[in-house]
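Have a look at the structure below before the remarks.
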Number of protein chains: 2
Amino acid sequence: MAYTVGEVARLAGITKRTLHHYDGIGLLRPSGRSAAGYRLYDHRDLERLQEVLFFRELGFSLDEIEEALTDPGDDRGEALRRQRGLLMRRIEHLQLMIAAIDKALKADKEGTTMADNDMFEVFGDFDPKRYESEVEARWSGPALDESKRRTSRYKKDEWRRAIAEMDDLSKAFAQLKLRGVPADSDEAMEAAERHRLHIDTWFYPCSREMHAGLGEMYVQDERFTAYWNGFAEDLAPYVRDAIVANAQR
Amino acid sequence: MAYTVGEVARLAGITKRTLHHYDGIGLLRPSGRSAAGYRLYDHRDLERLQEVLFFRELGFSLDEIEEALTDPGDDRGEALRRQRGLLMRRIEHLQLMIAAIDKALKADKEGTTMADNDMFEVFGDFDPKRYESEVEARWSGPALDESKRRTSRYKKDEWRRAIAEMDDLSKAFAQLKLRGVPADSDEAMEAAERHRLHIDTWFYPCSREMHAGLGEMYVQDERFTAYWNGFAEDLAPYVRDAIVANAQR
DNA sequence: GCTAGACCATGACGTAACGTAAGGGTCAAG
DNA sequence: CTTGACCCTTACGTTACGTCATGGTCTAGC
């Protein structure tokens, strides 16, 4: 069945003007028009509207939403999973804000003074320039545009978490190597898989094939080699081997 | 010590333009100016900026933020506690959104279709006109402006929760009365106190004095009397008595 | 003292995402 | 046919800054 613009507006709790606007900019075009020129929205249109509204709730601009919903490889499930991850991270961020308020309340109650830089730790986006070399050595890869698009909205705590996760992964690889675990063993391949998922989740879609290509980069590009070998001697080729083995199983 | 506009901007992760704008509209005026005309912000200014940014994070307009921070009775602790409550509720709302995504993912995976009205349940604000009589009978009171201000941003799930809480409280009063518990007993007064906190939390500051005045309204205004007596015969005077007893202990 | 670079000020136009309103056509029930 | 609810397109306004222009201030180094 098809809905008119007023019906959709009431259903979704938004205004007709919003729907006109989304049609006008091509974000959400009705799949049909009546003989009188009325916009007619079908079920697939509603699904797309739902996706738009989830992203909007997360603070994405309409441009960004359109880009995010235009991913060639993405189906509805992919988009929803991505949004779920973003919502989870947003909750975590809000919990950090509550912790910040509790700190401020404690200081207020005790008549002490909160450190100035501590007061604003939970506000503002991450400034990538401050971590440029760290970002590059850990995550540079073939899908730069997508990576930038995803990360442009990460908050400070999200970046810190990504860095910490990555460092844990790197340390895990180093431990495996030091223990003499073969790079094509289950254990090493599990580490490689966790590494691949980390990139896939935080930066860009990373298939096993792409991951293998990345592993080659780790031994051929000095910046990456230096990063990995900083954890253990000759770790870069070990990681590459684990990644390649993982890609082939 | 005092900070210039660039220092504050860096500290807080916002732009100088934002600080100019906030000064221009009177939302956050620097407490000082150098001989050269430079804005100078002190620690109290930073505290206010923190409060502004918390409200901004919650999606309040700048007008709303200014109003919220201009409450005569509010000190810093009060404002922070209010913001904490709002953040908690926002987290709950986001969790509902995640549940909605999980539903959509399940439907997508099973190839079924989500009901159209179910798709948008988590979006949009509450439309007060749809619950006008319910709102009025339960919560009308002396601080209408403040009540409206607070509730104007409540989401559907928040309203539903407020309604459910209120109904639970009303049922509790009815149970007490039916069991023959005196209106000035500890148990009844506890119920009155919970009622007072409910209003204080959700609608407007409600001191014990104000609560007692409200109790008188419940027996004098037919709309309220009808609401309370709908739960048990002659419940309105019972509730009034419990409230008055609570106010006097 | 002069220079250069980083910082500050005010003023003003532009932008994103709608909100509001105007003028007029469509649909369905009475 | 009338009326009321709905639709269309067009267009100006609003909020919260972003960007830019022009020019003054501060400090370190020469």
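So you know, we letter chains A, B, ... as the sequences are listed, proteins then strands, and number each from 1. Because the structure is predicted, anything quoted here is derived from the model rather than measured.
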Determine: side-chain N/O of B:R33 to OP1/OP2 of C:dT10, distance under 4.0 Å, yes or no.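 For B:R33, the contact criterion (side-chain N or O under 4.0 Å from OP1 or OP2 of C:dT10) is met.
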Please tell me if B:R39 has a side-chain N or O lying less than 4.0 Å from either OP1 or OP2 of C:dC8.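 No.
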Scan for salt bridge (Lys or Arg N to Asp or Glu O under 4.0 Å) pairs involving residues 1-16 of chain A, sequence neighbours excluded, and state none if there are none. none
Between [atom2] of [N] and [atom1] of [X], the distance in whole Å:
X	N	atom1	atom2	result
A:E66	C:dA17	CD	P	11 Å
A:E57	C:dA17	CD	P	16 Å
B:K16	C:dT10	NZ	C1'	14 Å
B:L40	C:dA9	CG	C1'	13 Å
B:Y3	C:dC8	OH	C1'	18 Å
A:I65	C:dA16	CD1	P	14 Å
A:I14	C:dC18	CD1	C1'	11 Å

Report, as a single string ordered 5' to 3', how protein heavy atoms within less than 4.0 Å touch nucleotides 10-21 of chain D: B base, S sugar-phosphate only, - not at all. -B----SBBB--
Using only heavy-atom distances, determine whether the side chains of B:Y3 and B:D42 contain a donor-acceptor pair under 3.5 Å.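 B:D42 and B:Y3 do not have a side-chain donor-acceptor pair below 3.5 Å.
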Side chains of B:S170 and B:Y227: donor-acceptor distance under 3.5 Å anywhere?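 The criterion, which ignores hydrogens and geometry beyond distance, is satisfied for B:Y227 and B:S170.
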Under the ring pair (Phe, Tyr, Trp, His ring centres under 6.0 Å) rule, collect the residues that match up with B:Y204, sequence neighbours excluded.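 Checked B:Y204 against ring pair (Phe, Tyr, Trp, His ring centres under 6.0 Å); zero matches.
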Any base atoms under 4.0 Å from B:T4, or only sugar-phosphate, or nothing? Heavy atoms, all strands. sugar-phosphate
Taking it one step at a time, do A:F123 and B:F54 satisfy ring-ring contact (aromatic ring centres under 6.0 Å, His included)? CA-CA 8 Å; A:F123 299 112; B:F54 275 127; 4.9 Å; yes
Geometric cation-pi criterion B:R89 and B:W202, 6.0 Å radius, 45° cone: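 Flagged: B:R89 positioned over aromatic ring of B:W202.
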